[in-house]
Amino acid sequence: MAPSLSDLIEEARLSARALLDYGEHLFSPAVRLGVTGLSRAGKTVFITALVHGLTRGGRFPVFEAFDTGRIARARLEPQPDDGVPRFAYESHLKNLIEDRCWPDSTVDISELRLVIDYQRQNGADRSLTLDIVDYPGEWLLDLPLLGKSYGQWSAESLALSREKPRVHLAQDWHAQLATMQAEAKEDEQATLQAAKLFTDYLRACRDERFAMSLLPPGRFLMPGNLAGSPALTFAPLDVAADGSAPDGSLWAMMRRRYEAYKDVVVRPFFRDHFARLDRQIVLVDALAAFNSGPEALHDLEAALTGILDCFRIGHRTLLSNIFRPRIDRILFAATKADHLHHQSHDRLEAVLRRAVAKAAERAEYAGAAIDVVALAAVRATREAQVQRGREKLPSILGTPAPGETANGETFDGETEVATFPGDLPADPEELFKGAFRGLSSSPSENADFRFLRFRPPLLERQGAEEPALPHIRLDRALQFLIGDRLQ
Ligand SMILES: Nc1nc2c(ncn2[C@@H]2O[C@H](COP(=O)(O)OP(=O)(O)OP(=O)(O)O)[C@@H](O)[C@H]2O)c(=O)[nH]1
Ligand SMILES: [Mg+2]
């Protein structure tokens, strides 16, 4: 297909930006690390723990440059991108350490600059600038829309909404859809109604019981300052994927707005943020999918495939040799591993590896190295063996957040309890075959997994020193993401 004028302009902008970044990097080595994941995956906690560990001296035995003492210090510098909010590190850290509560949900992109002074293996002193960019995974899942027409997107969205368990949640929207004539005259009120019912359906899919992951367009559930604008007021119609819309029709209006969404939301994100990343970590809350049931796990798998495809999208949609998407390392991390006994940590990793396996082959082909890890950026639990009858069960100890309930008991946020969250199977295939029960199909007492939300850990202070935050495998993530840049 011949490139359109807008593709060419887009490419020229990208090339100019890439050259500018390249010029800056010539003089001081830099890495732009993207941290993404769907809502509540653990992005804010991950970045806070990572920055705290590097600047205040965490325990990172597997992060070689740190462990061997070659890192002299790491310090925060002013956030360099004038149009992007600074990551509110200090207030997130206060939440975790002083208040012992988790930081609030963040809906926008934010950025933080960390400079690491280190000694090269040959003895020379150097500094590495690490720009950390926190952005919603929902924005990433929008990138595939760039390659889809309104008709294709409508057909795919409708097909997905007719699968279980989505079809039950889509009833109201489907009923309204059946009353709309795509070729009739454009109608603002019908479109508003359709967009509202479609958004309600997406929101219901995201609910904890169903924990669906694949819900584009991402801004429908996090509209920010675009709420109510035409670019966010459209919905799928039951039209032929390759059909043509009559002028002035409802169909033409929906299609125009879908294209506006790509122009106003998706392209700027691709150009200003995604295309500038060097490394990427994708955080995944696999436990939320286990909690919900087999359909949520399959949906997560589809979302991860969609995410990995994004890392190849530049190769297909951009033309020049000057600019290439630069991401050369992608780490998939299952977060909140502290909810499981350590015997299950490798198993959690195996589930994630299985979920990204097929898509990973394709991305590796496109030039990026991929790895998988199960981690807890902040470890909120300890381990214990609990006697139940004759059996000793490997359990975890933690302080459930106030209001959490288990076996009819509601916790006050002060008492520590031992729980048995459930074991993951040795063979991940068992989960993918659907051999487990979750909240989407059973009452909570029959679900195979039960994860309580714990408060952040109580830390012991020694003198005025700020205590290190305990973690699980955060150092392995660091080694993969930046270890090679500190050689
Ligand atoms: N136990 C434990 N819980 C965690 C950890 N990381 C995140 N959580 C839990 O997951 C929730 C979401 O974490 P955030 O870091 O706010 O997630 P996010 O991806 O930034 O979420 P949004 O800003 O809403 O997109 C927290 O409120 C905690 O309950 C962890 O390492 N251990
Ligand atoms: Mg956040």
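In each ligand, atom 1 is the first atom listed, and ligand 1 is the first ligand listed. As a basis for the values below, the full set of heavy atoms in this structure was taken, side chains included, without hydrogen atoms, waters or symmetry mates.
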Nearest protein heavy atom to atom 13 (O) of ligand 1, by residue and atom, and its distance? G42 CA, 3.6 Å
Side-chain donor or acceptor of K43 paired with backbone N/O of D134 under 3.5 Å: no
Within 45 degrees of the ring normal and closer than 6.0 Å to the centroid, is that where the cationic atom of R219 sits relative to Y261? no
Can you tell me if T55 uses its side chain to pair, donor with acceptor, with the backbone of R75 under 3.5 Å? no
Residues in salt bridge (charged side-chain N to carboxylate O under 4.0 Å, His left out) contact with R476, at least two apart in sequence or another chain: E349
Tell me whether ligand 1 is touched by S39 - counting only heavy atoms on the residue side and a distance under 4.0 Å. yes
To which protein heavy atom is atom 20 (O) of ligand 1 closest, and what is the distance rounded to 0.1 Å? T44 OG1, 2.8 Å
Under 2.8 Å from the Mg ion (ligand 2), which protein atoms of type N, O or S occur, listed by chain and number? T44 OG1, T106 OG1
Numbered in order shown, the ligand 1 atoms found under 4.0 Å of a heavy atom of H339 are 1 (N), 2 (C), 3 (N)
Measure from the side-chain N and O atoms of E138 to the backbone N and O of S39, and report whether any donor-acceptor pair falls under 3.5 Å. yes
Could you identify the single nearest non-hydrogen protein atom to atom 32 (N) of ligand 1 and state the distance to 0.1 Å? V378 O, 2.9 Å
Minimum-distance protein heavy atom relative to atom 16 (O) of ligand 1: R40 NH1, 3.4 Å
N/O of F46 under 3.5 Å from N/O of ligand 1, yes or no? no
For the pair R453 (side chain) and A401 (backbone), establish whether a donor and an acceptor sit closer than 3.5 Å, ignoring hydrogens and angles. no
Could you check whether the rings of H342 and H345 sit parallel, tilted or perpendicular, using 30° and 60° as the cut-offs? perpendicular
What about R379: any of its N or O atoms under 3.5 Å from an N or O on ligand 1? no
Heavy atom of G37 under 4.0 Å from ligand 1? no
Do any nitrogen or oxygen atoms of A380 lie less than 3.5 angstrom from nitrogen or oxygen atoms of ligand 1? no
Establish, from distance only, whether the side-chain atoms of D117 and S127 form a donor-acceptor pair under 3.5 Å. yes
For atom 15 (O) of ligand 1, what's the nearest protein heavy-atom neighbour? Residue, atom name and distance, please. V45 N, 2.8 Å
Answer yes or no: is there a donor N or O on one side and an acceptor on the other, between the side chain of E111 and the main chain of D131, under 3.5 Å? no
So is V107 polar-close to ligand 1, meaning N/O to N/O under 3.5 Å? no
Is the side chain of D338 donor-acceptor paired with the backbone N or O of A380 at a distance under 3.5 Å, no angle test? yes
Can you list the ligand 1 atoms lying under 4.0 Å from a non-hydrogen atom of S105? 22 (P), 23 (O), 24 (O)
Would you say V133 and F274 make side-chain contact, with heavy atoms under 4.5 Å? no
Tell me whether A376 has any N or O atom under 3.5 angstrom from an N or O of ligand 1. no
Does an N or O from D104, backbone or side chain, lie closer than 3.5 Å to an N or O of ligand 1? no
Give a yes or no on whether the backbone of G438 and the side-chain of S440 come within a donor-acceptor separation of less than 3.5 Å. no
Can you check whether A288's main-chain N or O pairs, donor with acceptor, with S292's side chain at less than 3.5 Å? no
Y258 and F234 aromatic ring geometry - parallel, tilted or perpendicular at 30°/60° bounds: perpendicular
Taking 4.0 angstrom as the limit and counting only heavy atoms of D338, give me the atoms of ligand 1 inside it, by number and element. 1 (N), 2 (C), 32 (N)
Ring geometry between H273 and W139 (parallel below 30°, tilted from 30 to 60°, perpendicular above 60°): tilted
Write out the residue and atom name of the closest protein heavy atom to atom 25 (O) of ligand 1, then the distance separating them to 0.1 Å. K43 NZ, 2.8 Å
Give me the nearest non-hydrogen protein atom to atom 5 (C) of ligand 1 as residue plus atom name, then the distance to 0.1 Å. K336 CG, 3.8 Å
